[in-house]
Amino acid sequence: MFYDCAEHPEPFVYKLMTATVTPRPIAWVSTLSQDGVVNVAPYSFFNVMGHEPPTVALGLLRDPAKGLKDTGENISATGEFVINLVPRDMADQMNMTAVNAPRGHSEAEIAGLATAPSRLIAPPRLAEAPVSFECRLLTAVLTGPKQMVVIGRVVAIHIADRFLLDPARGYVDTPALDLVARMHGGGWYRHGGEMFHMDRPVFDPAAAPPPRKD
Ligand SMILES: Cc1cc2nc3c(=O)[nH]c(=O)nc-3n(C[C@H](O)[C@H](O)[C@H](O)COP(=O)(O)O)c2cc1C
């Protein structure tokens with residue numbers, strides 16, 4: 001089947017993309033409004049984009065009621081945000097923070113989430129999250145009316161001590177983090193599953209076909 005995106009409504013294209021680009025990690029983003037309200041919301045259009053410097057990106061869709069989502073408003077206004085990662089035993093609370101709360105309500109309070117101060121930025125992190133990235137806004141790109149890609153620089157990383165195998169070497173017990181990821185359709189998630197390993201190949205000129213001379 002071939003789909004020309006221009007010939008299909010955007011919600012249909014959204015279904016095709018979110019049903020295929022899986023599993024997606026979940027950024028559980030905490031921000032501060034200019035009035036000092038802690039906002040928390042999950043975003044699965046998220047990934048690491050580089051490490052020199054450490055860079056992350058978030059995709060914020062248009063909110064039918066508010067236009068820009070509160071997370072986008074707050075990041076634009078303050079230039080700071082925390083990305084917390086979501087373990088299985090916090091998945092219910094993560095889901096609660098996706099509630100369509102009107103501006104000014106704190107999802108941290110709605111979901112009963114404890115916060116802890118960040119070190120380098122003002123928005124707090126989620127105290128029980130196994131990993132939190134303190135981020136400063138690098139740039140925000142409007143990719144549609146009220147649709148935004150936020151690109152941020154990670155300025156500090158918190159990892160709970162119990163997940164570090166060797167803190168000095170930066171060895172993390174990744175399976176023990178027990179993170180959940182977003183799957184297809186409404187409300188589907190991935191937890192656990194099979195892992196496999198492959199060594200990265202090294203180019204061997206003796207074994208490779210000769211280079212093409214076009
Ligand atoms: C697991 C999960 C992932 C989500 N990912 C996104 C996303 O990538 N982009 C987006 O705009 N909304 C996403 N949402 C919806 C937002 O979390 C939701 O609209 C939320 O109310 C936004 O809150 P805010 O206005 O406080 O930022 C996701 C929801 C869930 C439950």
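What you see below is based on every heavy atom in this structure, not just the backbone, and it leaves out hydrogens, waters and symmetry mates. We count ligands from 1, going down the list as the structure has it; atoms in each ligand are counted the same way.
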Exercise for the section: Could you tell me whether some N/O pair between Met94 and ligand 1 is separated by less than 3.5 angstrom? Expected result: no
Problem - CZ (Arg88) with more than 12 external heavy atoms under 6.0 Å - result: no
Practice task
Answer side chain, backbone, both or neither: which part of Val99 comes under 4.0 Å from ligand 1, heavy atoms only.
Solution key: backbone
Handout entry: ligand 1 contact on Asn39 by region, counting heavy-atom pairs under 4.0 Å
Key = side chain
Donor-acceptor contacts, no H, no angles, side chain residues 149-173, under 3.5 Å, sequence neighbours left out:
from, atom 1, to, atom 2, distance (Å)
His158, ND1, Arg125, NE, 3.4
His158, NE2, Glu134, OE2, 2.7
Asp166, OD1, Ala168, N, 3.3
Asp166, OD1, Arg169, N, 3.2
Asp166, OD2, Arg169, NH1, 3.2

Practice task
Ignoring hydrogens and angles, tell me if any N or O in the side chain of Arg62 forms a donor-acceptor pair with the backbone of Ala65 under 3.5 Å.
Solution key: no
Completion exercise
Residues passing the ring-ring contact (aromatic ring centres under 6.0 Å, His included) test with Phe203, sequence neighbours excluded, are none
Exercise for the section: Say whether Leu61, considering both its backbone and side-chain N or O atoms, lies within less than 3.5 Å of an N or O atom on ligand 1. Expected result: yes
Problem - Shortest protein contact, atom 19 (O) of ligand 1 (heavy atom only) - result: Lys69 NZ, 2.8 Å
Practice task
Number the atoms of ligand 1 from 1 as they appear, then name those within less than 4.0 Å of a heavy atom of Gly59, with their elements.
Solution key: 7 (C), 8 (O), 9 (N), 10 (C), 11 (O)
Handout entry: Under 3.5 Å: N/O of Thr71 near N/O of ligand 1
Key = yes
Problem - Name of the residue among Asp70, Asn74, Asn39 meeting side chain to side chain contact (heavy atoms under 4.5 Å, CB included) with Ser33 - result: Asn74
Fill in the blank from the handout: In Asn84, Thr115, Thr97, Leu113, the residue satisfying side chain to side chain contact (heavy atoms under 4.5 Å, CB included) with Ser30 is Asn84
Practice task
Return the minimal non-hydrogen interatomic distance between Asp4 and His8, and the atom names on each side.
Solution key: O-CD2, 3.1 Å
Completion exercise
Closest to atom 25 (O) of ligand 1 among protein heavy atoms sits Asp70 N, 2.9 Å
Completion exercise
Looking only at protein heavy atoms, what sits closest to atom 20 (C) of ligand 1 is Ala98 O, 3.8 Å
Practice task
Among all protein heavy atoms, pick out the one at the shortest distance from atom 8 (O) of ligand 1; state its residue, atom name and that distance to 0.1 Å.
Solution key: Phe45 N, 2.8 Å
Practice task
For ligand 1, find out whether one of its N or O atoms is nearer than 3.5 Å to an N or O atom of Pro42.
Solution key: yes
Exercise for the section: Have a look at ligand 1 and work out which part of Arg182, if any, has a heavy atom under 4.0 Å from it: side chain, backbone, both or neither. Expected result: side chain
Practice task
Would you mind running through ligand 1 and noting each atom that sits below 4.0 Å from a heavy atom of Leu60?
Solution key: 11 (O)
Handout entry: Closest protein heavy atom (residue, atom, distance) for atom 3 (C) of ligand 1
Key = Ser44 N, 3.7 Å
Practice task
Answer with yes or no whether the hydrophobic clustering places Met90 together with Val131; edges join I, L, V, M, F, W, Y residues whose side-chain heavy atoms lie under 4.5 Å apart.
Solution key: no
Fill in the blank from the handout: For Leu16 and Thr20 the tightest heavy-atom approach is O-OG1, 2.7 Å
Exercise for the section: Around atom 23 (O) of ligand 1, find the nearest protein heavy atom and jot down its residue, atom name and distance. Expected result: Ala41 CB, 3.3 Å
Exercise for the section: Output yes when a side-chain donor or acceptor of Thr31 lies under 3.5 Å from a complementary backbone atom of Thr71, and no otherwise. Expected result: no
Exercise for the section: Answer yes if Val56 and Ile121 sit in the same cluster of Ile, Leu, Val, Met, Phe, Trp and Tyr residues linked by side chain heavy atoms under 4.5 Å apart, and no otherwise. Expected result: no
Exercise for the section: Pull out every atom of ligand 1 sitting under 4.0 Å from any heavy atom of Lys66, numbered as shown with elements. Expected result: 25 (O)
Handout entry: Other residues, nucleotides, ligands: >12 heavy atoms within 6.0 Å of Lys15 NZ
Key = no
Problem - Contact with ligand 1 for Glu107, non-hydrogen, under 4.0 angstrom - result: yes
Exercise for the section: Would you mind finding which of Trp28, Phe46, Tyr43 brings a heavy atom closest to atom 22 (C) of ligand 1? Expected result: Tyr43
Handout entry: Ligand-side contact atoms (ligand 1) for residue partner Tyr189, heavy atom cut-off under 4.0 Å
Key = 1 (C), 31 (C)
